[in-house]
Every structure is written in structure tokens, then in C-alpha cells.
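Each residue takes its place number in the sequence, starting with 1.
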Amino acid sequence: MNRAFNFAAGPAALPDEVLQIAQRELMVYGDLGHSIMEMSHRSSTFIEVAEHSEATLRKLLGINDDFHVLFMHGGATMQFALIPLNLATPNTSAEYAITGYWSKRACKEAQRIRTAHAVTETDTYIAPESSWDRVDNSSYLYFTSNETLRGVQFHEFPSPEHTPLVCDMTSDFLTRPVDVSNFGLIYAGAQKNAGIAGVTIVIVRKELCRPLESNELHFLNYQTHAQYDSMYNTPSTFAWYVSGLYFDWIVKEGGVEVMQQRAAQKSEVLYRVIDGSNFYQSPVAKEHRSVQNVTFYLPDERQHHHFLKEASNANLKNLEGHREVGGIRASLYNAVTQEGVDTLCDFMQDFENRHG
Ligand SMILES: *Cc1c(COP(=O)(O)O)cnc(C)c1O
């Protein structure tokens, strides 16, 4: 069996150990006589899986009792709607820092039902917070910690002083320590750095959750999901289970600090190759470049296609940039190894020597 070096942006590479455990347990989980997917989510076995995964996540990020931890359906995109619906009111506004594709989409979705105000709008860098056009009467300040398309990352988070921070951490969740107590809500689709598609983790401050009103749609209120421990209806049981395995793996590797060190090292060698060449061009301001998604362009279309083809032949997969922006994107999530990145760097230098 040949596992390639996989730089997919999401759904993305999983640690071999996570897949091996899932494989070992796929047909028969423990002594049940069937898999974990083939039974009630309300069984004691699944509830154990669910509780263990939440407890592990709480430990990994130091999440205290002021917060609910929810395992929801609907992807990160459903949160674009639930956040304004639950945390903003018809009489307040919400602030959005647009630093790329995903925050822009989130802001547009919010504008359908609430007053959502863009405090900044950039694409390849992050304007200083002091220059943001803040408004009064704001329910929260929304931002995307890592913009996955171009690879623009907040290395320092906005100030939590004025209004609760709400953050889409989908593409850098569990890649560094985060002081959760500075946030109102953090969410992440699992399929980038914490599992497979189908489950979205929402960490929300209890006091921000509105009580349920009888005339509203219960499914769309965080309070419902909190009250039923994310089992108001059938959760994505297998995806939830895989996230639990992923959390265990991070603990075993040494925690989010170790993930952070590895990401720094992986991205540094890759950016060094890009910066040391006139052939590869990074579109992002140096101080905001992502350690998770490294993007660059080749001199022309023909070279671009050659690059992808030769990379694939060299066992380096899924390097094509997002269709909106083109170019090359190497995603260096938790499961991507230093060996994979070193192999990519060698390939890039060799490719440049031959074509540059
Ligand atoms: C991938 C991604 C999303 C979209 O996730 P879905 O699960 O497809 O809804 C949203 N935000 C960010 C930052 C992402 O990387």
C-alpha cells in the first residue's frame, strides 16, 4: 500500500494512526459484534465515545464550564447562518472582519437576516485592527483565523475588549494553543485539522445562548443542541468518533503546542524555498502568511500544469489551488508530515532548476 504525500485543503489528510484504529475497529467495535456506525447514538457505547471526545477536546484547549461544546451537522457553512441568528438581534449589528473568501461569505449570509457590517475588507493581508471601521451597538466581532484559499492567517487575534469574538477556526483548529476564555464562540468543520467531513465543532459561551422561544425553529437554536448534548437528532456518529480518535492522537503527540511547533517548521522550510526563488511567487503579505495553507504561483499556465502533473507523479497530491484564485496551494495541516513537506521542497527546487 502506498500512501501519497497529501496536501489537500479539505477534506484533508488524516494521521495514519487514526486511520489504522478506525480500520481495526471498522467491522467490530470492542466486543459489540458490529461497528460503531451500526448502532444507536443513544447507546451507552456511543455516549462513552461522545463524552470521551468532548473531555479530550476540553483538555486540549483548556475549555472551561462557561462553554458548551457542540458536535453539529451542516458544516462550517451552516454556522454562517446560525451565528447571526443566535447571537445578533434585529436591533443590533454584527461586525465582520473580511480577510478572504470565507469571512466574506459569512458576512453575506449574515446580511440576509441581520445588519452585518464589514469593518475591514482585504484579501492578501490583514489591515491593522486600529484602522478597522468599528461600529457601536455590535453583538460580536466575527473573523476567520485562517483564510484557507489564499493562506492569510491571524498570528495575533483581535482584541476581545469591546465585544465578544466569534471565530471560524475551521482551517487552523487545534494547530496552536488558544485562550478560549477570550472568545464568545469558536467553531470548526472537522475535515481540515480535526477529523472528517460531517461534524462541526462549536464552542460557545453559555451566557450568549438565547433561551428557546416557543415560536422559533428549535433546530436552529444553539440552546437546543446544548440541552440535548448534540443529540437532539441523530448526530454524524462516525465523523464524531473519528474526531475523538484525532483528539486522542494530538494528545499522544504532545498536544497543540507540538502541533504549533511542527506547523512552524513545516511552513518555514516551504516559504524559504518560495522566498529564495524568482520562479515561485507568494501572493500574501509576509507577516500574515499562513502556516497552514501555503499558496504560490508559477510564472505561467503551462508551467502550472506541468508542476501539478510532475508533482502527482512524484507522489505529491492535491496541490491545485482553489478554483477562485488558482495557483498552487499546499495545506500543511496536523496530519501532514515534515517528510512530506521536505519532499515537496526538494521537488520544487528540482522543478525550478529544470524549468526556471
Ligand atoms: C472549509 C472551510 C469552510 C467551509 O466548510 P464546510 O464544512 O464545507 O461548510 C468554512 N470556513 C473555512 C475557514 C474553511 O476552511
Donor-acceptor under 3.5 Å ([X] side chain, [Y] main chain):
| X | Y | answer |
| --- | --- | --- |
| His73 | Thr200 | no |
| Arg114 | Ala88 | yes |
| Thr115 | Ser93 | no |
| Lys317 | Asn6 | no |
| Arg210 | Leu85 | yes |
| Trp132 | Ala127 | yes |
| Thr56 | Asp248 | no |
| Asp168 | Thr170 | yes |
| Arg329 | Asn293 | no |
| Ser53 | Ala50 | yes |

Would the number of heavy atoms belonging to other residues, nucleotides or ligands and lying under 6.0 Å from [atom1] of [X] be above 12?
| X | atom1 | value |
| --- | --- | --- |
| Asp275 | CG | yes |
| Asp136 | CG | no |
| Glu257 | CD | yes |
| Tyr297 | OH | yes |
| Lys252 | NZ | yes |
| Glu48 | CD | no |
| Glu287 | CD | yes |
| Asp31 | CG | no |

Exercise: identify the closest heavy-atom pair between [X] and [Y]:
| X | Y | result |
| --- | --- | --- |
| Ser282 | Arg289 | OG-CD, 3.7 Å |
| Gln223 | Pro211 | CG-CA, 4.5 Å |
| Glu38 | His34 | OE1-CB, 3.5 Å |
| Glu129 | Pro158 | OE1-CA, 3.3 Å |
| Leu14 | Ala335 | C-CB, 3.4 Å |
| Phe157 | Arg176 | CE2-NH2, 3.4 Å |

Step through it carefully: locate the ring centre of [X], locate the ring centre of [Y], and say whether they are under 6.0 Å apart.
| X | Y | value |
| --- | --- | --- |
| His155 | His288 | no |
| Phe347 | Phe307 | yes |
| Tyr96 | His117 | no |

For a 4.5 angstrom cut-off between non-hydrogen side-chain atoms, does [X] reach [Y]?
| X | Y | result |
| --- | --- | --- |
| Thr163 | Ser139 | no |
| Lys266 | Val336 | yes |
| Val152 | Tyr125 | no |
| Gln153 | Asp172 | yes |
| Trp249 | Ile21 | no |
| Thr295 | Pro283 | yes |

Taking side chain to side chain donor-acceptor pair (under 3.5 Å) as the criterion, tell me which of Gln349, His306, Glu310 meets it with Arg354.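 Only one option passes, and that is Glu310.
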
Using the side-chain hydrogen bond (donor to acceptor under 3.5 Å, both in side chains) rule, take Glu95 and Ser138 through it: C-alpha gap first, then chi angles, then the decisive distance, then the call. CA-CA 6 Å; Glu95 295 172 299; Ser138 165; 3.1 Å; yes

Using the rule given for ring pair (Phe, Tyr, Trp, His ring centres under 6.0 Å), can you reason through Tyr241 versus Phe46, listing the C-alpha separation, both sets of side-chain angles and the distance that settles it, and then say yes or no? CA-CA 8 Å; Tyr241 154 82; Phe46 190 78; 8.3 Å; no

Going by the side-chain contact (heavy atoms from CB on, under 4.5 Å) test, name the single residue among Ile196, Leu57, Asn334 that passes it with Tyr246. Asn334

Arg272/Glu268 ion pair, N-O < 4.0 Å: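 Salt bridge between Arg272 and Glu268, a charged N being under 4.0 Å from a carboxylate O: yes.
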
For Phe279 and His355: C-alpha separation, side-chain torsions, deciding distance, then whether ring pair (Phe, Tyr, Trp, His ring centres under 6.0 Å) applies. CA-CA 9 Å; Phe279 186 69; His355 298 268; 7.5 Å; no

Determine, step by step, whether Glu54 and Arg58 satisfy the salt bridge (charged side-chain N to carboxylate O under 4.0 Å, His left out) criterion, reporting the C-alpha distance in whole Å, the side-chain angles of both residues, the deciding distance to 0.1 Å, and the verdict. CA-CA 6 Å; Glu54 180 179 333; Arg58 281 186 182 273; 2.9 Å; yes

Look at the rings of Tyr187 and Phe80 and say which category their plane angle falls in: under 30° parallel, 30 to 60° tilted, over 60° perpendicular. perpendicular

Can you check side-chain hydrogen bond (donor to acceptor under 3.5 Å, both in side chains) on Ser103 and Glu147, steps first, answer last? CA-CA 8 Å; Ser103 40; Glu147 277 288 356; 2.6 Å; yes

Stepwise, does the side-chain hydrogen bond (donor to acceptor under 3.5 Å, both in side chains) test hold for Tyr222 with Gln227? CA-CA 9 Å; Tyr222 288 127; Gln227 196 173 319; over 6 Å; no

Stepwise side-chain hydrogen bond (donor to acceptor under 3.5 Å, both in side chains) check, Thr175 with Asn193: CA-CA 8 Å; Thr175 65; Asn193 261 305; 5.3 Å; no

